[in-house]
Amino acid sequence: VCDASRLSQEERALVLRETAQASVIVLTMVYQDGTAQLNAEQKSCPPVSGVLVLLKSELDAMESEGCSAGLPGSEGSGCKVIFLKLEQRPAWAQQGYRQDRFSKEMLLCILGSAQDVICFKAKDLLCTALQYFGKEISWKQVALCRILDPQIAAWLLDPADTASCFWDLVAKRCKTRAAVKPCAGAREFEQQPNVSGSLLVLYRLMMDLRASLQEQGLWKLFCSVELRLTTVLAVMEIHRIHVDKDALEKTSKILGMKLKQLEQEAHQAAGQQFLVSSSSQLRVVLFEKLRLHERCENKKLPKTVLRQQQSTSEATLMQLQDLHPLPKIILEYRQVHKIKSAYVDGILSCMISPFYNPKWGNTSSAVTGPITSKKPNIQAIPRQSIQIIKKQYVQGKEPEVITIHPRSMFISEEGWTFLAADFSQVELRLLAHLSSDPELLRVFQEPLAAGDVFISLASQWKGLPEGKLKPEDREQAKRIVYSVVYGAGKERLSEILGLTAEQAGQFVDSFLQKYKQVRAFTQKTIQQCQDQGCVVSIMGRRRHLPHILSPDWTLRNQAERQAVNFVVQGSAADLCKMAMIRIFSHIASSPTLTARLIAQIHDELLFEVEDSQVEEFAGVVQTTMESLQHIDCFGVHLKVPLRVMLSSGKSWGSLAELARPRSLPHRL
DNA sequence: TTTCAGACGCTAGG
DNA sequence: CCTAGCGTCTG
């Protein structure tokens, strides 16, 4: 290993030339505690010390076949390992800029081109690199980079096996492993300080994974979706969102007071002290002390899944609220408590600097394929605001009503605007496409599709004109549709709808009667899963469901629902990922556009756009997203058009719908 | 006796 | 159906 800081000017130039010409580059980050990205799962991420770069100038087929002796220490010809020191220094201390500059130059050389690079946990590396570059280099300069990440490759091969550490992956996926380390256990090998040897193993691992991906026809999906998404996510993660910290702190206090007040009310209603947030204590009060369940024997109260006890869930409390004041109080308590703990205090604890900036992590490893957000979970921040009535104890003052909306705490920067683009009813549209149900297709294909889909669906289903429908009809139609999409049974639906299982079952039946092909699609999917052991999404993503043939009725039924659910949800995830990539590329290749992707809330993309570019960019987003009806390279041709709703505003909580540009008619 | 990880319950999002 | 995350309760 050669330390870049010890190289002479001439040697550095040579290394840069070699980098540009290298056939393969393998990278890993090294942390200040001496561990690397390849070491076992680290809980806390220690500060970065640098990057190890392995340059491989010639791609010898022999080696990847496993024919060479290939002991980790004795790299064959054409290999060079360089250590790049990466240290964040305060701006005033940038004196050692020479070495600094070389590291940056080198990294840019590696990440700025489109050559193949291999890195385990590529997104982390990209994030640190981007942060290291700071403002000197625009993210657009690394927008084209392609980092092959074995973790993602393995996940694509089998989404079920949870993200394992590097050495587990090697053990599981490396066919040439025997040649690499004849008898040593992974642990022992891991202890070895020979990181450059590990880099060679990393290279082999990726080659083997590539072979598996190619065998299974997943290579294209890997390269043109997952790989490119890594960059999109890294750039998104670097961007910081402005949060109104003062307002958050203020609401935290208000909510705290409200909780105390509700707690007292609950104690009073119950006639005793108890821990309101504890479901087990609440169970005792509701069913042993007050015996409320005896007063509603006609209704079936839900039980907890594992212990078959009386549940205290929302569904139960809703049914009990006419019998006693307590359930209502608990419901409100829980709602307020949830908002306070997860979305106000939770966000506050995620903020780093005293002023603002929440950071959001993003992993690409969930079973169904969608991206998920963490710390805070931006995807689960309540859509609607809640009303809080603050009692005034000062004489003569009216009770004050306060609205609390966690989303409105997210504010755009000065001179910038939030733009949200929402794929309307993607899942339902996909269901229409996948099932080819004529009635369902008609809902979307008719020119009147400009209206509310659920209203037309409800009217079609119930045989009533749209004007005669009540809002409940729409809501019911929506819930039934999604429970069918999600594969929920009638028991589950009855809970959601607050009806008996029989009634719910009737609804589902009458729905499936009207849309016959939907049931056919469900059965076809299950059949396919039974035949092949897996189901496939619209762009070729797979999920293996071994339980589909299980003799256990519960397991098999679950697998059947998962199969159907995966095809619809997984395909929706595909479309959203594709949308992110396309829009990202568009911005990256535009010299003027500066819009940044901030968050993805499943079927909604949230951008921060310079005020002057909102109109132009809105057009780009809409055309790009709606054009995903046809994705030629994946053979995707949806039978229904895709619709995108746009809205914009200065805060995430107050977005106003944007008029649809004239140039984009409702239908082509 | 105290502490802490893991199981369980609930609910926000889609 | 599948996420994340907060809170109790248990051993």
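Proteins come first, then strands; the chains are lettered A, B, ... in the order of their sequence lines, and each starts at number 1.
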- [ ] Indicate yes or no for a side-chain donor-acceptor contact from A/Q379 to the backbone of A/I371 under 3.5 Å, with no hydrogens or angles considered.
- [x] yes
- [ ] Find the distance A/F274:CZ to C/dG7:C1' and express it as a whole number of Å.
- [x] 15 Å
Task: N/O (side chain, A/Q562) to phosphate O (OP1/OP2, C/dC2) under 4.0 Å - done: yes
Task: Spacing between A/I381 atom CD1 and B/dG14 atom C1', to the nearest angstrom - done: 14 Å
- [ ] Ignoring the backbone of A/R561, work out which of B/dT11, B/dG9, C/dC1 is nearest its side chain.
- [x] C/dC1
- [ ] State whether the number of non-hydrogen atoms from other residues, nucleotides or ligands found under 6.0 Å of A/H544 atom NE2 is greater than 12.
- [x] yes
Open item on the list: Between C1' on B/dG14 and CG on A/L606, what's the gap in Å once rounded to a whole number?
Closed with: 16 Å
Task: Atom-pair distance (CZ on A/R383; C1' on B/dG13), nearest Å - done: 9 Å
Task: Integer-rounded Å distance: C/dC2 C1' and A/W155 CH2 - done: 13 Å
Task: Among C/dC2, B/dG13, C/dC9, the one nearest A/H602 by side-chain distance - done: B/dG13
Open item on the list: Between A/Q384 and B/dA12, is there a contact of a side-chain N or O with OP1 or OP2 at under 4.0 Å?
Closed with: no
Task: Residue A/K250 excluded, over 12 heavy atoms near NZ under 6.0 Å - done: no
Open item on the list: Taking only side-chain N and O atoms of A/T312, does any of them lie within less than 4.0 angstrom of OP1 or OP2 on B/dC10?
Closed with: yes
Task: Nucleotide nearest A/R407 when distance is taken to its side chain, options B/dA12, B/dC10, B/dG13 - done: B/dG13
TODO: Would you kindly give the CH2-to-P distance between A/W652 and B/dG13, to the nearest whole Å?
DONE: 10 Å
Open item on the list: Among B/dT11, C/dA4, B/dA12, which nucleotide has an atom closest to any side-chain atom of A/T372?
Closed with: C/dA4
TODO: Could you tell me whether A/R334 and A/E314 have a side-chain N and a carboxylate O separated by less than 4.0 Å?
DONE: no
Open item on the list: Ring centres under 6.0 Å, that's the criterion: do A/H267 and A/F274 meet it?
Closed with: yes
Open item on the list: By the 4.0 Å heavy-atom rule, please label A/E314 as base, sugar-phosphate, or nothing.
Closed with: sugar-phosphate
TODO: Taking only heavy atoms on the protein side, list every residue of residues 330-339 of chain A lying under 4.0 Å from any atom of DNA chain B, sorted numerically.
DONE: A/R334, A/K338
- [ ] Return no unless some side-chain N or O of A/S373 is found under 4.0 Å from OP1 or OP2 of C/dT3.
- [x] no
Task: Derivation of the salt bridge (charged side-chain N to carboxylate O under 4.0 Å, His left out) call for A/R541 and A/D574 - done: CA-CA 8 Å; A/R541 187 190 314 282; A/D574 286 348; 2.5 Å; yes
Task: Exam field: side chain A/S412 to backbone A/K650, donor-acceptor pair closer than 3.5 Å - done: yes
Task: Nearest-Å distance for atom pair CZ/P, residues A/F566 and C/dC2 - done: 11 Å
Open item on the list: Quick check for you: to the nearest 0.5 Å, what is the distance between A/W652 atom CH2 and A/M409 atom CE?
Closed with: 12.5 Å
TODO: Measure from the side chain of A/S279, starting at C-beta and using heavy atoms only, and say which of C/dC6, B/dC10, B/dG14 lies closest.
DONE: B/dC10
- [ ] Give a yes/no on whether any side-chain N or O of A/S277 is located under 4.0 angstrom from OP1 or OP2 of C/dG7.
- [x] no
Task: Under 4.0 angstrom between A/Q379 side-chain N/O and C/dA4 OP1 or OP2 - done: no
TODO: When you get a sec, tell me which of B/dA12, B/dG14, C/dT8 is the closest nucleotide to the side chain of A/S280?
DONE: C/dT8
Task: Proximity to the side chain of A/A380 - top-ranked nucleotide from C/dC2, B/dG13, C/dC6 - done: B/dG13
